[in-house]
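These notes concern the structure reproduced below.
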2 protein chains.
Amino acid sequence: MRTLKYAILGLLNQKEMTGYDLMKQFESTLCEFWSAKHSQIYPELKKLTEEGSVAYKTEPSDNGAEKKIYHITEEGRRDFIDWLSSETKPQPTPKDISRLKIFFCNCLPAEDRKFLLEDQLHKHSSRLKHLRNNQTKFTAVPDSEADEFGDYLVLMGAIMREEMVIEWLRKCLALLG
Amino acid sequence: MRTLKYAILGLLNQKEMTGYDLMKQFESTLCEFWSAKHSQIYPELKKLTEEGSVAYKTEPSDNGAEKKIYHITEEGRRDFIDWLSSETKPQPTPKDISRLKIFFCNCLPAEDRKFLLEDQLHKHSSRLKHLRNNQTKFTAVPDSEADEFGDYLVLMGAIMREEMVIEWLRKCLALLG
DNA sequence: AAGTACATGTAAGTGGTTACATGATTCT
DNA sequence: AGAATCATGTAACCACTTACATGTACTT
């Protein structure tokens with residue numbers, strides 16, 4: 001489905017950047033709903049260049065070495081907008097090892113079962129704390145035309161997701177008695 | 001990480017079944033947190049047989065042809081329980097195309113943006129309806145030692161997830177003005 | 001002298017999907 | 001006669017991860 005392609009095009013549509021910058025974006029902002037390692041990004045950029053969706057200029061980096069600054073082409077931008085407006089088919093399964101374990105939890109002795117759920121509870125609680133801290137960086141809801149608007153929406157979604165998971169785990173623990 | 005292996009072992013630990021039965025389990029009960037096609041299941045069963053985690057007996061099926069009924073071995077059961085009690089490392093990203101599109105939604109004209117969110121809202125609403133219908137099959141909370149206990153917990157989790165997504169999408173739509 | 005951040009790439013392997021392939025039985 | 005369900009498998013391909021590989025510059 002070439003989703004990585006569109007994630008990259010979307011970012012380059014916001015501003016020109018290097019493969020390294022893209023990697024940083026995936027690690028920070030997009031990490032709540034997409035990820036990509038540099039070993040996937042660089043080959044994809046090469047492919048996108050060949051296909052004419054992006055182009056780059058070579059510049060010396062802050063240190064001596066060369067770096068490639070990529071920007072989206074008109075063709076790439078059209079392709080990206082087409083994808084963005086196209087229908088999103090219902091996705092298969094967000095695979096979740098933790099839920100898989102909880103599904104099978106009746107096989108464990110009561111103590112281990114409790115530990116499994118409480119461990120998840122701790123992990124999601126600290127994750128939520130971290131996300132709420134990120135949210136303080138927004139002093140107001142960004143304008144709906146600004147690039148930060150999407151940031152704000154998905155951060156809100158991530159916070160709500162963590163709150164929901166925590167509530168679910170608490171209910172599960174309660175049912176164990 | 002061999003997660004499919006443990007999903008299969010967990011199911012065979014509940015009761016013996018064929019590859020086809022396993023496929024049906026993935027399609028129905030497990031679909032909220034794991035999935036696997038028959039093209040992945042059959043080779044995995046072959047591998048697990050070679051490794052000694054499972055074994056099978058051949059029986060004629062309801063029609064004439066032969067079928068393989070798999071069961072878990074003592075070795076497989078030990079391996080499964082070890083996995084179940086082992087620590088669950090925080091998972092990377094549940095990749096989500098829909099959130100990716102919402103992240104970039106400021107690139108779309110107001111009308112298309114609204115359509116994108118409302119389309120998701122419809123899909124998640126009908127999904128929630130379907131899940132709530134499934135829940136009516138439980139007349140009471142199953143005993144925490146029964147196989148259906150896990151079923152119940154993950155179904156509750158799936159319902160809460162859909163409710164959360166719907167609430168989030170509504171908030172997003174409200175922010176568009 | 002060692003570690004981190006910037007910067008870019010390739011190779012091998014895992015996990016998963018789609019398509020190919022076959023065959024019996026039951027239902028419409 | 002045609003479609004759906006049961007039943008099992010393989011092959012090609014795609015997406016992604018881990019490890020290999022290199023080099024600069026700045027910081028401790």
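No hydrogens, no waters, no symmetry mates; every other heavy atom, side chains included, goes into these values. Order of the sequence lines fixes the chain letters, A, B, ..., with proteins taken first and strands second; residue numbering starts at 1 for each chain.
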Is the A:F104-B:Y6 ring centre distance short of 6.0 angstrom?
no
Strictly under 4.0 angstrom, non-hydrogen atoms only: write out the protein contact profile of nucleotides 6-13 of chain D, one letter per nucleotide from the 5' end, B, S or -.
BBBBBB--
Comparing nearest nucleotides in DNA chain C, the 5'-proximal residue of the pair B:T3, A:A65 is A:A65
For the pair made of CH2 in B:W34 and P in C:dT17, what is the distance, rounded to whole Å?
10 Å
Does B:L117 belong to the same Ile/Leu/Val/Met/Phe/Trp/Tyr cluster as B:F115, with side-chain heavy atoms less than 4.5 Å apart forming each link?
no
Can you measure B:L4 atom CG to C:dG16 atom P for me and round it to whole angstrom units?
6 Å
Starting at CD of A:E44 and ending at C1' of D:dT17, how long is that distance when rounded to a whole Å?
16 Å
Could you tell me if B:E66 and B:T58 have a donor-acceptor pair between their side chains, going purely by distance under 3.5 Å?
no
A:K114, NZ: over 12 other non-hydrogen atoms inside 6.0 angstrom
no
Can you check whether A:L176 reaches B:F149 side chain to side chain, under 4.5 Å on heavy atoms?
yes
Bend across the helix from C:dA1-D:dT28 to C:dT28-D:dA1, to 10°, with axes taken over 5 pairs at each end?
30°
Check the distance between C:dG15's C1' and B:I41's CD1 and give it to me in whole angstrom.
14 Å
Roughly how many Å is it from NZ in A:K37 to P in C:dT14, rounded to a whole number?
16 Å
Between B:L30 (CG) and C:dG16 (P), how many Å, whole number?
13 Å
Under 4.0 Å between a Lys/Arg side-chain N and an Asp/Glu carboxylate O for B:E50 and B:K47?
no
Going by side chain to side chain donor-acceptor pair (under 3.5 Å), name the pairs with one or both residues in residues 155-168 of chain A, residues two or more places apart or in two chains.
A:E32-A:R161, A:H124-A:E162, A:R132-A:E163
Test salt bridge (Lys or Arg N to Asp or Glu O under 4.0 Å) applied to A:D79 - qualifying residues, sequence neighbours left out
A:K5
How long is the gap from NE2 on B:H71 to CG on B:N13, to the nearest 0.5 Å?
13.0 Å
Round to a whole Å and report the spacing from NZ of A:K5 to P of D:dA15.
11 Å
Going by number, which of residues 84-102 of chain A have a non-hydrogen atom under 4.0 Å from DNA chain C?
A:K95
Does any donor atom in the side chain of A:T18 or A:K68 lie under 3.5 Å from an acceptor atom in the other side chain?
no
Salt bridge (Lys or Arg N to Asp or Glu O under 4.0 Å) filter on A:K123, not counting sequence neighbours, yields A:D119, B:E87
When the distance from CG of B:L48 to C1' of C:dG15 is rounded to whole Å, what number comes out?
15 Å
